[in-house]
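The block underneath contains the structure these notes are about, expressed in structure tokens.
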Amino acid sequence: MNYMFWNKPKSYLGVDIGSGGIKLVELRLEKNRPVLFSYGLTSGKQNIHKLATNEEKNIAGLLQKEKTANTPPSVPPLKGEGDNNAQIEKYANTIKTICKTSRIMSKTAVVSLPVSSVFHAVVTLPMVKKEDLDHIVKAEVKKLLPMPLEEMALDYQALKGSPEDKSQRVLVNAVPHKLIEFYSKVFQRAGLSLDALEPESTALARSLVGRDQAVSMIIDIGSERTNFFIIDQGVPITHQSIESGGDKIDKILQNILGFEQALVEQAKYDLFDYLAANSNNVLSEQKWLDILMPVVDPIIKEIEVSLELYLRQTGNEGKRPEKIILTGGMALMPFLAKYIQEKFKIKCYVGDSWARVVYQDGLKPILRQIGPRMSVAIGLALRNTIN
């Protein structure tokens, strides 16, 4: 939109649809700096990640059934089509509601793709001319993709190497066309147009690592899953994932406290605040870690797996992350960063996803509290605001 008569700054909207809710951030570029204009989030559970993998309710199935549901009455619709069509409407209505409540101005959005639905790989290829790279990448990746290349949108970039290298590494991301179509329909009904779809890993690297060229690891602890990314020269190189997160913590606390499920979420954060305020209590630290070891132990093991996977890749021999950055709703889990740091002798801390954004000082307490949940949305909004 052209604001030439009013000289209004252009706004940039990032939308993260995750299993723990929908998060959005709108930034404006003022004096070449991204400034927070608005934000919004929900805490309701979303099943959008499962839509891409569940055989009965996959993305392609939803779209095909939606088309059949919209055919003339002379063609009898299959059972359940209306329900599937309602799923797309549900997400669209939720996004519209958040945008209205948060007074979002932008009509275009950069949207996250769940890592569970993105094919991600680093392939090593011979050095070839730039004009030949596309053909060679597609020929190589075709052997690895989980479905025909024609059914997937492919994106790749050559990673930086040294002049004397005889081979080159290429980072490849691919996503089903049907998934892109699904997102397009959701946002069209929400009154927004898609500027870009981007893997969560890329958005996290932008908000938490930025231009830092050092090797680092990002651990994104969500409600259903915990994702592990190794970032090298600002680019996500490896990705591992486990089915463990905040939901498992809720179940543990529910069994201990005897609370109803509806009360556990608030009790968890109250407990987090209390333990953080009493972080010098060694007894509290040990008891807390013992209680949550069913969640902490798989995270520790997966860090080991991710490090081993990265070090085995060609060109990474001898490298080791300089830092581990925690993010996601459960990143504020007391003592976790300290425990990981002591275990691996690598600096570990909760990332500040607002570090590259200008905002009012009065918002600092609330933004710090919700920051780990907003990391992906912030990274998406930053896509077109930083060079």
Side-chain angles (χ1 to χ4, degrees), residues 13-26 38-71 73 76-118 175-200 203 222-225 243 245-247 250 261-262 265 328-329 370 373-374 376-377 380-381:
L13 178 63
V15 182
D16 172 29
I17 304 177
S19 58
I22 296 176
K23 287 80 68 177
L24 55 83
V25 171
E26 185 174 22
S38 187
Y39 67 90
L41 67 163
T42 69
S43 57
K45 300 297 181 184
Q46 309 286 338
N47 64 356
I48 195 162
H49 294 282
K50 295 179 181 178
L51 289 173
T53 56
N54 187 290
E55 291 182 357
E56 305 242 338
K57 292 186 177 180
N58 58 73
I59 297 296
L62 277 179
L63 289 167
Q64 183 58 44
K65 291 178 180 180
E66 181 191 2
K67 290 175 183 176
T68 310
N70 291 330
T71 54
L78 297 175
K79 183 178 179 181
E81 285 170 3
D83 292 338
N84 286 326
N85 188 45
Q87 287 287 332
I88 294 176
E89 200 69 42
K90 170 189 171 184
Y91 292 117
N93 288 337
T94 303
I95 292 168
K96 279 195 291 188
T97 299
I98 305 173
C99 286
K100 183 178 180 180
T101 304
S102 305
R103 298 181 179 180
I104 297 298
M105 300 297 291
S106 179
K107 294 301 179 183
T108 61
V110 179
V111 181
S112 64
L113 286 166
V115 292
S116 56
S117 64
V118 178
V175 63
H177 286 301
K178 290 294 184 182
L179 184 61
I180 296 174
E181 189 178 348
F182 173 78
Y183 274 95
S184 298
K185 286 181 177 290
V186 168
F187 281 86
Q188 183 180 21
R189 295 191 186 187
L192 297 168
S193 61
L194 285 179
D195 179 55
L197 285 166
E198 193 170 67
E200 293 175 358
S223 59
E224 292 182 356
R225 307 183 69 85
E243 292 186 4
D247 290 351
D250 289 352
Q261 186 173 356
E265 187 76 7
I370 67 173
R373 292 187 62 194
M374 308 297 285
V376 172
L380 295 167

| message | For Ala92 versus Ala190, what's the shortest heavy-atom pair and its separation? | response |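 Scanning both residues completely, I find the closest heavy atoms to be O-CB, 3.7 Å.
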
| message | Ignoring hydrogens, what is the shortest heavy-atom contact between Pro176 and Ser117? Give both atom names and the distance. | response | CD-O, 3.6 Å

Could you tell me the separation between the [atom1] atom of [X] and the [atom2] atom of [Y], rounded to the nearest 0.5 Å?
{"X": "Lys90", "Y": "Ile95", "atom1": "NZ", "atom2": "CD1", "value": "11.5 Å"}
{"X": "Gln188", "Y": "Glu181", "atom1": "CD", "atom2": "CD", "value": "10.5 Å"}
{"X": "Ser184", "Y": "Lys178", "atom1": "OG", "atom2": "NZ", "value": "12.0 Å"}
{"X": "Ile104", "Y": "Tyr39", "atom1": "CD1", "atom2": "OH", "value": "11.0 Å"}

| task | Walk me through it: do Leu13 and Asp195 pass the test side chain to side chain contact (heavy atoms under 4.5 Å, CB included)? | result | CA-CA 9 Å; Leu13 178 63; Asp195 179 55; over 6 Å; no

Any side-chain heavy-atom pair of [X] and [Y] under 4.5 Å:
{"X": "Met374", "Y": "Val25", "value": "yes"}
{"X": "Phe182", "Y": "Ile88", "value": "yes"}
{"X": "Pro114", "Y": "Glu200", "value": "yes"}
{"X": "Ile180", "Y": "Leu194", "value": "no"}
{"X": "Leu192", "Y": "Cys99", "value": "yes"}
{"X": "Glu243", "Y": "Glu224", "value": "no"}
{"X": "Val15", "Y": "Leu380", "value": "no"}

Just by modelled atom types, is the [Y] backbone N or O under 3.5 Å from a matching donor or acceptor in the [X] side chain?
{"X": "Glu26", "Y": "Met105", "value": "yes"}
{"X": "Thr42", "Y": "Ile22", "value": "yes"}
{"X": "Ser106", "Y": "Thr108", "value": "yes"}
{"X": "Thr101", "Y": "Ile98", "value": "no"}

| task | Walk me through it: do Glu198 and Val111 pass the test side chain to side chain contact (heavy atoms under 4.5 Å, CB included)? | result | CA-CA 6 Å; Glu198 193 170 67; Val111 181; over 6 Å; no

| Stepwise side chain to side chain contact (heavy atoms under 4.5 Å, CB included) test for Leu24 and Leu41 | CA-CA 6 Å; Leu24 55 83; Leu41 67 163; over 6 Å; no

